[in-house]
There are 2 protein chains.
Amino acid sequence: MTTEVKKSRGRPRVFDMDEALDQALFIFWEKGYEGASVAEFTETLGINKPSLYAAFGNKEALFQKALAKYTAGPAAFVQAVVREPTAFKVAQAFLYQAATFLTDATHPKGCMIVQAALSIGDHAGTVKQLLIQYRAGYEQLLATRFEQALIAGDLAEDANPQLLAKLLATLHQGMSVQATSGATREELLALADFALKQWPTATLKATA
Amino acid sequence: MTTEVKKSRGRPRVFDMDEALDQALFIFWEKGYEGASVAEFTETLGINKPSLYAAFGNKEALFQKALAKYTAGPAAFVQAVVREPTAFKVAQAFLYQAATFLTDATHPKGCMIVQAALSIGDHAGTVKQLLIQYRAGYEQLLATRFEQALIAGDLAEDANPQLLAKLLATLHQGMSVQATSGATREELLALADFALKQWPTATLKATA
DNA sequence: ATATTTATATACCGATTGGTATTTATATAC
DNA sequence: GTATATAAATACCAATCGGTATATAAATAT
């Protein structure tokens with residue numbers, strides 16, 4: 001059973017939508033929502049504006065599609081780390097992988113969700129709010145995981161899951177700024193190690 | 001001896017430059033370099049463009065003047081905290097005052113130096129680099145202070161001054177993002193307390 | 001071959017961007 | 001008074017912003 005090629009009538013698209021979205025993602029990632037211009041997209045992708053708009057909608061729709069690709073691809077580690085077996089391992093994996101990811105030379109430095117629309121004009125208020133929701137989302141993902149850990153007993157009884165999640169999110173967001181400012185992977189990993197030293201592992205349980 | 005009023009010939013300026021610069025600072029602080037438009041300045045200050053340009057130069061010069069006012073005014077606590085008597089007190093003062101400042105309702109949330117030009121188009125690359133330098137500046141200010149503390153003996157012998165400074169800077173930058181995302185002062189103060197728990201105070205010296 | 005469908009390319013749109021040339025108004029110096 | 005110096009106000013500039021109307025090219029269905 002070979003892969004069926006969907007044949008549709010009409011002139012075939014000359015560019016690969018997936019590739020194009022990847023390139024758009026990189027541009028938004030590097031320059032932010034406001035700093036990326038539609039002209040830059042069309043020049044980089046080698047297509048003209050009507051094709052871009054027909055394929056992806058307007059600038060904001062393009063951003064949302066790129067953002068979805070970002071969370072499903074480069075930033076997917078966030079969803080993965082919460083499946084680590086203990087709270088400590090979740091925190092460790094989150095910080096290590098964040099440090100590694102944020103300084104990866106194969107893509108723009110820093111996190112798109114953190115930086116793409118922090119300070120922005122009024123016209124793009126929707127995007128700013130969207131990213132705030134995304135940031136709240138992964139923080140809550142960690143918080144929920146740590147609540148489970150508290151019940152499971154691999155967190156100290158007096159540990160505060162929400163606070164721990166906010167600490168990790170804050171470190172991540174700070175590390176994102178640091179990566180953009182030129183911090184190295186080694187520096188961020190050292191920060192991660194230092195922060196993990198005080199992790200409130202339950203005193204009577206082994207961390208594995 | 002009364003205050004001498006500088007009398008200069010020529011039509012007197014109808015607006016207060018200091019007030020105007022404060023208003024410009026707030027706009028840059030809230031919307032970032034790219035997100036703030038010249039039209040917004042002139043409308044808010046109640047002056048027209050030629051007056052703005054005559055008084056402050058172009059947009060980038062206005063930003064630099066506003067930035068200088070920011071560091072000398074709202075953000076002056078950074079210079080102040082390094083005069084605390086011990087490394088721990090420096091760290092504590094820095095994080096507490098950062099948490100308080102970043103969530104102050106009397107001005108935009110977050111730190112202008114962190115957020116005003118993180119992700120930005122090519123045309124404003126100068127400003128982005130300028131803010132990177134400012135961030136490196138206050139981190140180094142802390143690092144130098146902690147090197148002194150190491151010599152003075154109020155830091156553990158194996159403590160790493162540069163790393164500690166980077167940790168504080170990273171927490172500050174993360175807290176800035178958090179403040180912009182809606183985190184409360186109490187949440188940021190709790191983060192600060194948690195982070196201070198592992199401060200490597202020298203074991204044989206009292207912290208006062 | 002023709003109709004239909006979809007993507008392309010060119011050209012254009014009004015609005016806004018940062019920045020200025022020009023004129024007019026208001027002060028002091030003489 | 002007149003000259004000089006400075007600021008304000010109006011109007012304007014080219015360039016870019018995000019977005020689209022229109023016409024043409026290339027595919028399939030019949």
Side-chain angles (χ1 to χ4, degrees), chain A residues 4-21 24 27-28 31-66 116-117 119-128, chain B residues 4-21 23-24 27-28 31-66 116-117 119-128 130:
Chain A
E4 290 295 329
V5 176
K6 213 39 155 335
K7 293 226 174 181
S8 63
R9 56 177 175 269
R11 182 172 176 170
R13 185 172 280 116
V14 78
F15 64 96
D16 185 303
M17 283 194 64
D18 212 57
E19 276 181 29
L21 191 53
I27 294 176
F28 275 132
K31 311 241 172 119
Y33 180 77
E34 209 168 26
S37 74
V38 174
E40 199 170 352
F41 291 125
T42 57
E43 288 162 16
T44 302
L45 310 196
I47 63 180
N48 26 40
K49 281 197 278 186
S51 297
L52 183 75
Y53 277 80
F56 302 106
N58 63 12
K59 187 184 182 184
E60 189 171 334
L62 176 61
F63 180 80
Q64 295 201 24
K65 289 186 173 68
S119 291
I120 212 164
D122 306 297
H123 55 286
T126 306
V127 172
K128 179 177 178 178
Chain B
E4 290 295 329
V5 176
K6 213 38 156 338
K7 292 226 174 179
S8 64
R9 55 177 175 267
R11 181 172 175 172
R13 184 172 279 116
V14 79
F15 64 96
D16 185 304
M17 283 195 63
D18 211 61
E19 276 181 27
L21 191 53
Q23 292 181 283
I27 293 175
F28 275 131
K31 311 241 172 119
Y33 179 76
E34 210 168 27
S37 74
V38 175
E40 199 170 353
F41 291 125
T42 57
E43 286 162 16
T44 303
L45 311 196
I47 65 180
N48 25 41
K49 281 197 278 184
S51 297
L52 183 76
Y53 277 81
F56 302 106
N58 62 13
K59 188 184 181 184
E60 189 171 333
L62 177 61
F63 180 80
Q64 294 202 24
K65 288 186 173 69
S119 292
I120 209 162
D122 307 297
H123 56 284
T126 306
V127 172
K128 181 177 177 178
L130 179 68

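Any value given below was found using the heavy atoms of this structure, including those in side chains, with hydrogens, waters and symmetry copies removed. Residue numbers begin at 1 in each chain, while the letters A, B, ... track the order of the sequences.
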With both distances under 3.5 Å as the test, what is the Watson-Crick or G-U wobble partner of C:dT5? D:dA26
Rounded distance in Å - NZ (A:Lys31) to C1' (D:dC17): 15 Å
Quick one: A:Asn58 CG to D:dC17 P, roughly how many Å, whole number? 16 Å
Between the protein and nucleotides 4-8 of chain D, which nitrogen or oxygen pairs are less than 3.5 angstrom apart?
from	atom 1	to	atom 2	distance (Å)
D:dT6	O2	B:Arg11	N	3.0
D:dA7	OP1	B:Arg13	NH2	2.9
D:dA7	O4'	B:Arg11	O	3.1
D:dA8	OP1	B:Val14	N	3.1
D:dA8	OP2	B:Ser51	OG	2.8
D:dA8	O4'	B:Arg11	NH1	3.3
D:dA8	O4'	B:Arg11	NH2	3.3

Ring centres under 6.0 angstrom apart (A:Phe41, A:Tyr53): no
Whole-Å distance between D:dC17 P and A:Lys59 NZ? 8 Å
Holding to side chain to side chain contact (heavy atoms under 4.5 Å, CB included), I want the full list of residues that pass it with B:Arg11, two or more places apart in sequence or in another chain. none
In a table with atom names and distances, give each donor-acceptor pair under 3.5 Å that connects a side chain of residues 32-40 of chain A to protein atoms at least two apart or in another chain.
from	atom 1	to	atom 2	distance (Å)
A:Glu34	OE2	A:Gly121	N	3.0
A:Glu34	OE2	A:His123	NE2	3.2
A:Ser37	OG	A:Glu40	N	3.2
A:Glu40	OE2	A:Lys31	NZ	2.3

How close or far is atom C1' of C:dG14 from atom NE2 of A:His123, stated in whole angstroms? 16 Å
Please report the shortest heavy-atom distance between B:Lys65 and B:Phe56, naming the atom on each side. NZ-O, 3.4 Å
What is the distance, to the nearest angstrom, from the CD atom on A:Glu40 to the P atom on C:dT17? 19 Å
So do A:Leu45 and A:Phe15 actually touch side chain to side chain, heavy atoms under 4.5 Å? no
Can you name the nearest heavy-atom pair linking A:Ala66 to A:Leu21, along with the distance? N-CD1, 3.8 Å
Within this structure, what is the CD-to-C1' distance between A:Glu34 and C:dT16, rounded to whole angstrom? 12 Å
So, does A:Asp16 use its side chain to make a donor-acceptor pair with the main chain of A:Asp18 at under 3.5 Å? yes
Contact class for A:Ala124 (heavy atom, under 4.0 Å): base, sugar-phosphate, or nothing? nothing
Could you give the CZ-to-P distance, from A:Phe63 to D:dG18, as a whole number of Å? 14 Å
When rounded to whole Å, the CG to C1' distance for the pair A:Asp122 and C:dT16 reads 14 Å
Using Watson-Crick or G-U wobble geometry with both distances below 3.5 Å, tell me the partner of D:dG1, or none. C:dC30
